[in-house]
Structure formats: structure tokens, C-alpha cells
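Taking it in order: structure first as C-alpha cells, then the write-up.
Read the numbers this way: they start at 1 and go in the same order the structure lists the ligands and their atoms.
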Amino acid sequence: MLAELSPKLSVEIQRAAKLLASPAPICVLTGAGISAESGIPTFRDKQTGLWQRYRAEDLATPTAFVRDPKLVWSWYQWRRQLVHDKAPNPAHYALAKWQQMSKANHQSVTLITQNVDDLHEQAGSTVTHLHGHLWRNRCHDCGTPFKNEAEVLVRDKNAIRFDDELITCQYCGGYIRPDIVWFGESLPSQAWQTAEDAAASCKVFISIGTSSLVYPAAGLAQLAKQNGAKIIEINPNPTPNTVVDITLAANAGIVMPLLIEQIDALS
Ligand code: OAD
């Protein structure tokens, strides 16, 4: 209920809903914060963020993998273990419902995520992943996709094993790695093209649960703004994003269902 929120937040949600209820194209970018209420740690939140406890340089770069593949593989197996039983929260479901509603209204809502979990898909959304997929693997040397039990996970979550033995590629003998974009690597070109096109052509850009620190994803809001879009940010904490028109400063799991309810009422 809007009435339970602070008057300021309630007014801002109504302002945002008015912008979003028009049939113009929308681009939504999500980050780790949208999965926080599902129990998946973010990267940079004080106390709980993964990069507060671990060094990205040791775990999320190609150099780190070449130096110590077992350490990196074990860390991702641990993250898979952490994530495998997590379920979408009200923010994921609200976005999926909105995508369904927008189809009926002939509105385009393009969802782009930096997250490597599959909670948007589990909630029923169509989503483009900019930073890869936690549940996919590929050869570090030749790039060939590697299918193991992780690929089956979506169908049978109990089937997965999380042992940290390294696996080698049957074609070239290289080590198998998670299909995730590490620091210093390029984003998948098709996913990036989808993101750039959606940001450049939208009338409203919504940034949800991202610190807006990691480029090129963080540049999408600026691209949208340069092309005349209004920018909405949903985040309980301030970010360095300077192009924001409307800030909804609360958890996505609270804001998103209310926002979609308002959009529905206005459409
Ligand atoms: P960060 O950890 O940098 O930022 C998470 C943001 O979510 C912060 O600004 C929090 O304030 C906000 N937040 C926390 N709880 C929230 C909630 N319940 N609702 C809404 N917002 C909330 O995560 P990202 O911005 O996603 O890259 O990080 C970008 C990339 O850096 C990640 O994709 C990852 C990381 O290194 C790779 O793994 C390649």
C-alpha cells in the first residue's frame, strides 16, 4: 500500500508510474541489489558485499584463473551453492508481470541485467544478460560451451554437485570456467547491442539495484539520457549516477510491486 510509505516516496512512485504508463519504450537495467532480498549477497554493500570479503583481482579476472584455476573454480562452485536454492522476490515477479502487461498494451519493456543468477527467468521474465550466466560453463582456451550438471539445474536443482575438481575441455584440454564476464573481458556482443539499442531508443530508463560503478553497463543510463529519456533509479542508497530524474530510495522488493500496481491502474 502506498499509504504505508513515507509521503515523499509515495509521491515519487506516483510520478514514476505516470511516466511509465504511457506506451513509450522502456529499458530496465538491474544489478545485484534486485536479488539481495532473495538472499544473494551484492558485491559492494558495506558488511555483506562479496568484494568486501574477497579480492576481485584474485577471483574475477582471466589472469587470476590462469594463475590459480582451482581457487577461482572453487569460488564459483561456492557461489553456485549459495545461489542454487534462492527464489525470485517480489521485485523479480513485479517486473515479469509488467512485461506480460506491456505485451497486451503493445509497449516494449526491455530488461537487461548485470546479474549472473537466473531469478529473472525463474520469475517469468525475458532478459538479456550482460555479464554472463552462473550456471553455464565454457572452455577458457577455445571457448567451447561445456555442459555438465549445472546446465541441468533448472530442471533438477537437486542433481547438481558442487565439488571443486577442475574439469578439462574434451577438444583442446583447456580448463573449463564459468561463462561469466570477468574484469578486463569484453561483454557478449549481441547482448551489448541489445542493451545499447534499448537504452538509445527508450523514453524511460530504470536502473534497479546497481551501484552504477561498473562500465560499460553504467554508461547505459547516460546513453538513454543523451537521447532524451527520463531516468528513474530504485536503490535504498545513493549512487554516482548523475543523470537521474526520479529517485525511489527504498528496497526494490517494496517499490516494484507498488510501482507496477500504479502503472496498471493508470494504463
Ligand atoms: P553492487 O554490489 O556494486 O551494487 C548493488 C547495489 O544494490 C548497491 O548500490 C546497493 O545500494 C543496492 N541495493 C542493495 N539492496 C537493495 C535492494 N533490496 N533493492 C534495491 N537496491 C539494493 O552490484 P552491481 O551494481 O550489480 O560483475 O555490480 C556490477 C557488477 O560488479 C556485477 O555484475 C559484478 C560486479 O563485479 C561481474 O561479476 C562481472
Side-chain angles (χ1 to χ4, degrees), residues 5 9 12-13 16 28-65 72 75-76 78-80 82-83 86-95 111-120 127-136 138 177-188 191-192 195 206-221 232-242 244 246-260:
L5 303 179
L9 181 56
E12 293 298 272
I13 288 180
V28 184
L29 174 70
T30 64
I34 197 167
S35 295
E37 288 159 89
S38 294
I40 300 178
T42 63
F43 294 94
R44 296 177 183 80
D45 276 294
K46 292 192 184 88
Q47 317 288 337
T48 54
L50 290 173
W51 296 152
Q52 303 295 326
R53 287 188 287 154
Y54 303 96
R55 279 162 42 93
E57 300 89 316
D58 294 339
L59 299 161
T61 67
T63 314
F65 187 70
V72 174
W75 191 71
Y76 280 95
W78 169 74
R79 275 186 61 195
R80 286 170 171 161
L82 198 73
V83 167
K86 302 297 183 282
N89 66 55
H92 296 102
Y93 284 117
L95 271 171
L111 175 58
I112 313 290
T113 191
Q114 297 165 87
N115 298 345
V116 296
D117 65 51
D118 64 354
L119 298 189
H120 283 304
V127 58
T128 296
H129 285 264
L130 285 184
H131 291 168
H133 303 259
L134 186 60
W135 298 109
R136 291 192 196 158
R138 66 178 164 86
R177 58 168 276 183
D179 193 7
I180 286 179
V181 179
W182 285 331
F183 289 103
E185 293 183 319
S186 305
L187 268 49
W192 180 244
I206 315 178
S207 172
I208 308 175
T210 174
S211 56
S212 296
L213 285 168
V214 175
Y215 283 79
L220 290 169
I232 298 171
E233 182 174 73
I234 300 174
N235 196 317
N237 301 306
T239 75
N241 188 342
T242 54
V244 176
I246 299 179
T247 302
L248 306 177
N251 286 351
I254 302 286
V255 169
M256 282 309 295
L258 293 171
L259 184 62
I260 303 313

N or O contact, Trp182 vs ligand 1, cut-off under 3.5 Å: no

Backbone of Thr210 reached by a side-chain donor or acceptor of Asn235 within 3.5 Å: yes

Pairing donors with acceptors under 3.5 angstrom, does anything connect the side chains of Glu233 and Thr239? yes

Under 4.0 Å between heavy atoms, the region of Gln114 that gets near ligand 1 turns out to be both

If the cut-off is 4.0 Å to any non-hydrogen atom of Thr42, which atoms of ligand 1 fall inside it? 2 (O)

For the 3.5 Å polar cut-off, considering only N or O atoms, please tell me whether Ala32 and ligand 1 meet it. yes

Atoms of ligand 1, numbered as shown, that sit under 4.0 Å from any heavy atom of Glu37: 17 (C), 18 (N), 19 (N)

Polar side chain donor-acceptor pair, Thr42 to Asp45, under 3.5 angstrom: yes

Should Ser212 be counted as touching ligand 1, given the test is an N or O pair under 3.5 Å? no

Taking only heavy atoms of Phe183 into account, list the atoms of ligand 1 that are under 4.0 Å away from them. 36 (O)

What orientation do His120 and His92 show, parallel under 30°, tilted 30 to 60°, or perpendicular over 60°? perpendicular

Do side-chain atoms of Asp117 reach the backbone of Val83 as a donor and acceptor pair under 3.5 angstrom? no

Regarding Gln114 and Thr30, is there a side-chain donor-to-acceptor distance under 3.5 Å anywhere? no

Would Arg80 pass as a cation-pi partner of Trp75, given that its NZ or CZ must be under 6.0 Å from the six-membered ring centre and within 45 degrees of the axis? no

For Arg44 and ligand 1, does the shortest N/O to N/O distance drop below 3.5 Å? yes

In ligand 1, the atoms that come under 4.0 Å of a heavy atom of Asn237 are 10 (C), 11 (O)

Part of Ala36 with heavy atoms under 4.0 Å of ligand 1, whether side chain, backbone, both or neither: side chain

May I ask you to identify, for Val181, whether its side chain, its backbone, both or neither come under 4.0 Å of ligand 1 on a heavy-atom basis? backbone

Which atoms of ligand 1 sit under 4.0 Å from any heavy atom of Gly31? 26 (O)

Any N/O of Asn115 closer than 3.5 Å to an N/O of ligand 1? no

Under 3.5 Å, is there a donor-acceptor pair between the side chain of Gln52 and the main chain of Lys46? no

Could you please spell out the steps behind the ring-ring contact (aromatic ring centres under 6.0 Å, His included) verdict for Tyr76 and Trp135? CA-CA 10 Å; Tyr76 280 95; Trp135 298 109; over 10 Å; no

Check whether any N or O atom of Gly209, backbone or side chain, sits under 3.5 Å from an N or O atom of ligand 1, and answer yes or no. yes

Asn89 side-chain N/O to Gly253 backbone N/O, donor-acceptor pair under 3.5 Å: no

May I ask you to check if ligand 1 and Ala252 share an N or O to N or O distance below 3.5 Å? yes

Taking N or O atoms only and a 3.5 Å limit, does Phe43 qualify as a polar contact for ligand 1? yes

